[in-house]
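One structure below.
Chain naming here is simple, since letters A, B, ... match the order of the sequence lines and numbering starts at 1 in each. Nothing here was measured: the structure is a model prediction, and the numbers come from that model.
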Amino acid sequence: MTQIITRFAPSPTGYLHIGSARTALFNWLFAKHHGGKYLLRIEDTDRARSTDDAVCAIIDGLNWLGLIPDEEPIFQFQRAKHHADMALKLLNEGKAYYCYCTPQELEEMREKAKLEGKPQKYDGRWRDRDPKDAPKDIKPVIRLKAPNEGETILYDHVQGLINVANIQLDDMVLLRGDGTPTYMLSVVVDDFDMGITHVIRGDDHLTNTFRQIQLYNAFGWNLPIFGHIPLIHGQDGAKLSKRHGALGVEAYRDMGILPEAMCNYLLRLGWGHGDDEIINMQQAIKWFDFNGIGKSASRLDMAKLFHINHHYIQHKSTEELLILLEDQFKQTDKPLLSHEKDRITIGIEGLKKRAQTLVELAENAWIYRDIRPIKIENEDQLKTIADLKEVFSDLFQHLSSIQEWSHPMLDLELKLFLEQKGLKLGKIGPSLRLILTSKLNAPSIVDVMLALGKEESLLRLGDFI
RNA sequence: GUCCCCAUCGUCUAGUGGCCUAGGACGCCGCCCUUUCAAGGCGAUAACACGGGUUCGACUCCCGUUGGGGACGCCA
């Protein structure tokens, strides 16, 4: 049995698109599931649009998700010479021909076809024409002499059996006028040379596949197995675009999404395994296969992504979370100090259950950083605090006398204090929380005091009496 | 316009002819817990696009309609 080899083949014209990321994930999982190899090929044959930045962005994105290829990436453009030779080979074998059409002619052809209600395609006018008729001033392209009757059949492992009448497919360009190979040619030659056994890619390539099959046939090569996965749409069901929100995976990383949450979410978008929702990568490798892939397009749902992210945050260890937090804070101008880390370590439980993203976690964690004196802008809040000044002064004394700064003790002493004063926590709670954290919404007061420690708690309280 | 694909709660999905009074998850709503915000617990609402067949029996198979999507480049 031959080893299974899959590939992810993005064109480096921008960030790693969220849909592409899922394609990469599926290829990676499929390969791992079958004990095969997953390769990366950068399709940079469009020299005008390909950039090094995009290559970096894509590789960064894949690394972030943990989708590391099993071999060094292949850059398609470096193989252009070989691709061109393969086109020439077909030409010599009479399976391809020179076409001298101008772009204008092609344009007219399409216009005409549209008006007549015919498929928009090249009409093959140079297919059997004598090259002696060739205009001298035009650099010809090489086109495949594709069959113009019968049909091309694809057994797609996701979509099932599909066939297209060859009359619908025109003689595609293999080599451009400037001698560079087109995508269609490069893909087929590379997939063949790389020994790709399974081509898993987006639905948008489905029609290309029929042309590519014709090329495989012209070369006399065996077909790989194809699986075309449905596209990801925006909330409104239309093709995912900028107005639907973030497209690049790096934007999700910047939002504070965990890579494992991203993978889990992407995995469940278009693939299912019974009622399972939270699936780690080990489990996914065990379960992933064509049969779980759905046939219909799915919509991106941020709420669910956030929910899954929340789940993964809850299950991170304190150590891991602290590293992630340090990372978050590196992006601000105040790196995390060691005593701040100590406070956060104590308060982490209260923080993380309130965070759906790392960004939120970091924002919430600010209450445990050095932010004295606490700034409160709201006049009403300041007034309420001022009105309670005596109570807080007494509370300061009360807390100062506590020897054991522990959760049960603080809980007890706070209750005791309120009882003595004949107060409900509702009366002073909001103000106290403001004094300690500057926020109206935060973890419980006892948790906050515990994490801050006695000294800092009293200092913050002292600032307001 | 031509060709191709798709169609279960708002969303992601389970369901492969009888296990379906259609299951789970997210969201939404309600209740409980609660010093706030969360988290958590409990509960509710909610779907087989439509019309024909096939069959003893269709969410499941077939055909059509409608709706949605994709592809029609010397882009990838």
Side-chain angles (χ1 to χ4, degrees), chain A residues 9-13 43-46 48-50 76 99 101-103 106-107 110 113-122 139-143 154 156 159-160 162-165 167-170 172-178 180-184 186-187 202-211 228 230-231 233 235 237-239 265 268-278 291-292 294-308 310 314 349-356 364 414 418 424-430 432-434 437 439-446:
Chain A
S11 51
T13 55
E43 309 217 314
D44 54 353
T45 51
D46 184 344
R49 294 202 302 151
S50 299
Q76 193 162 57
C99 165
C101 278
T102 61
L106 259 14
E107 186 55 36
R110 276 181 217 115
K114 200 168 186 174
L115 283 174
E116 290 173 358
K118 289 179 181 162
Q120 291 179 47
K121 50 168 241 179
Y122 169 67
K139 289 200 165 153
V141 300
I142 294 180
R143 286 181 184 271
L154 164 67
D156 189 275
Q159 307 288 346
I162 308 164
N163 42 34
V164 168
I167 194 104
Q168 295 292 334
L169 275 13
D170 62 2
M172 68 184 129
V173 174
L174 265 21
L175 213 60
R176 299 187 186 103
D178 64 2
T180 60
T182 60
Y183 159 80
M184 289 292 180
S186 301
V187 169
D203 228 351
D204 49 341
H205 283 287
L206 195 62
T207 38
N208 288 335
T209 303
F210 291 92
R211 294 158 175 279
H228 288 89
L231 299 179
H233 289 162
Q235 312 273 3
K239 189 174 185 173
Y265 177 71
R268 284 286 294 105
L269 207 56
W271 178 87
H273 183 269
D275 286 341
D276 297 299
E277 294 287 346
I278 300 295
N291 53 34
K295 293 172 114 184
S296 54
S298 39
R299 303 178 188 204
L300 202 64
D301 180 8
M302 295 300 278
K304 189 146 186 179
L305 207 209
F306 283 134
H307 175 264
I308 291 175
H310 177 260
Q314 303 320 302
E349 289 305 322
L351 290 176
K352 73 182 186 185
K353 75 174 91 155
R354 289 170 174 78
Q356 282 198 308
N364 297 344
L414 189 61
L418 288 168
K424 293 262 191 228
L425 187 51
K427 177 81 176 162
I428 65 163
L432 184 53
R433 185 171 292 104
L434 276 167
T437 68
K439 291 172 188 289
L440 232 27
N441 302 329
S444 89
I445 287 168
V446 170

**Prompt:** What's the CZ-P distance between A/Phe210 and B/U2, to the nearest Å?
**Reply:** 19 Å
**Message:** Using whole Å, what does the distance between atom C1' of nucleotide B/C74 and atom CG of A/Leu106 come to?
**Reply:** 8 Å
**Request:** Starting at atom OH of A/Tyr183, determine the distance to atom C1' of B/A71, rounded to an integer number of angstrom.
**Result:** 12 Å
Under 3.5 Å, which N/O atoms of the protein pair with N/O atoms of nucleotides 21-29 of chain B?
unit_1 : atom_1 : unit_2   : atom_2 : d
B/G23  : N2     : A/Asp275 : OD1    : 2.9
B/G24  : N2     : A/Glu277 : OE2    : 2.7
B/A25  : N3     : A/Lys304 : NZ     : 3.1
B/C26  : OP1    : A/His307 : NE2    : 3.2
B/C26  : O2'    : A/Lys304 : N      : 3.4

**Request:** Would you classify A/Arg110 as touching base, sugar-phosphate or nothing, given that sugar-phosphate means primed atoms plus P, OP1 and OP2, and contacts are heavy atoms under 4.0 Å?
**Result:** sugar-phosphate
**Asked** Per the atom types in the model, does the base of B/A76 pair as donor or acceptor with the side chain of A/Asn208 at under 3.5 Å?
**Response** yes
**Request:** Just call it for A/Ile162: base, sugar-phosphate, or nothing, with non-hydrogen atoms closer than 4.0 Å on any strand.
**Result:** sugar-phosphate
**Item:** Base-pairing assignment for B/A49 (Watson-Crick or G-U wobble, both under 3.5 Å)
**Value:** B/U65
**Prompt:** Roughly how far, to the nearest 0.5 Å, is the CZ atom of A/Arg354 from the CG atom of A/Asn364?
**Reply:** 8.0 Å
**Asked** Separation of A/Glu349 atom CD from B/C37 atom C1', in whole Å?
**Response** 17 Å
**Asked** P atom, B/G30 versus B/U45: distance in rounded Å?
**Response** 15 Å
**Asked** Just checking A/Cys99: base, sugar-phosphate only, or nothing, at a heavy-atom cut-off of under 4.0 Å?
**Response** nothing
**Prompt:** With a 4.5 Å limit on heavy-atom distance, are the side chains of A/Leu206 and A/Leu154 in contact?
**Reply:** yes
**Request:** Select base, sugar-phosphate, or nothing to describe what A/His233 touches, counting heavy atoms under 4.0 Å on all strands.
**Result:** sugar-phosphate
**Message:** Does B/U36 have its OP1 or OP2 closer than 4.0 Å to a side-chain nitrogen or oxygen of A/Arg354?
**Reply:** no
**Request:** Indicate whether OP1 or OP2 belonging to B/U13 is found under 4.0 Å from a side-chain N or O atom of A/Ser298.
**Result:** yes
**Item:** Presence of salt bridge, A/Arg211 and A/Asp170, under 4.0 angstrom
**Value:** yes
**Message:** Using Watson-Crick or G-U wobble geometry with both distances under 3.5 Å, which nucleotide pairs with B/C19?
**Reply:** none
**Sugar-phosphate only, base, or nothing, as touched by A/Gly270 at under 4.0 Å among non-hydrogen atoms** = sugar-phosphate
**Asked** With a 4.0 Å cut-off on heavy atoms, is A/Val141 in touch with a base, just the backbone sugar-phosphate, or nothing at all?
**Response** base
**Request:** With the side chain of A/Gln120 defined as its heavy atoms from C-beta on, choose the nearest nucleotide among B/G1, B/A7, B/C74.
**Result:** B/G1
**Prompt:** How would you label the contact of A/Pro443 with the nucleic acid (heavy atoms, under 4.0 Å): base, sugar-phosphate, or nothing?
**Reply:** base
**Prompt:** Can you check whether A/Tyr122 reaches A/Cys99 side chain to side chain, under 4.5 Å on heavy atoms?
**Reply:** yes
**Rounded distance (Å) that lies between atom C1' of B/C4 and atom NZ of A/Lys121** = 16 Å
**Request:** Just jot down the side chain to side chain contact (heavy atoms under 4.5 Å, CB included) partners of A/Leu231, sequence neighbours excluded, or say none.
**Result:** A/Asp203, A/Asp204, A/His233
**Request:** Check every strand shown and say whether A/His273 touches a base, only sugar-phosphate, or nothing at a heavy-atom separation below 4.0 Å.
**Result:** nothing
**Message:** Classify A/Ser444 by what it touches in the nucleic acid, base, sugar-phosphate, or nothing, heavy-atom distance under 4.0 Å.
**Reply:** base
**Prompt:** Hey, does A/Thr207 have a side-chain heavy atom less than 4.5 Å from the side chain of A/Gln168?
**Reply:** no
**Asked** Counting any heavy atom closer than 4.0 Å, what does A/Leu169 reach on the DNA or RNA strands: base, sugar-phosphate only, or nothing?
**Response** nothing
**Fill in**
Whole-Å distance, A/Gln159 CD to B/G70 P, equals 14 Å
**Closest heavy-atom pair and its distance - A/Ser298, A/Leu269** = OG-CG, 3.6 Å
**Request:** Look up atom CG in A/Asp44 and atom OG in A/Ser186, then write down how far apart they are to the nearest 0.5 Å.
**Result:** 9.5 Å
**Request:** Considering non-hydrogen atoms only, spot the tightest contact between A/Lys439 and A/Arg433 and give its length.
**Result:** O-CG, 3.3 Å
**Request:** Figure out the CZ/C1' separation between A/Arg211 and B/A71, and round it to whole Å.
**Result:** 9 Å
**Fill in**
By the Watson-Crick or G-U definition, both distances under 3.5 Å, B/A25 is matched with B/U11
**Request:** Classify the nucleic acid contact of A/Arg299 as base, sugar-phosphate or nothing, counting any heavy atom under 4.0 Å across all strands shown.
**Result:** sugar-phosphate
**Asked** With a 4.0 Å cut-off on heavy atoms, is A/Lys295 in touch with a base, just the backbone sugar-phosphate, or nothing at all?
**Response** sugar-phosphate
**Asked** Which part of the nucleic acid, if any, lies within contact of A/Gln168, taking any heavy atom under 4.0 Å across all strands shown: a base, the sugar-phosphate backbone alone, or nothing?
**Response** sugar-phosphate
**Request:** Pick base, sugar-phosphate or nothing for A/Leu206, based on heavy-atom distances below 4.0 Å to the nucleic acid.
**Result:** sugar-phosphate
**For atom CG of A/Leu231 and atom P of B/C4, their distance in whole Å** = 18 Å
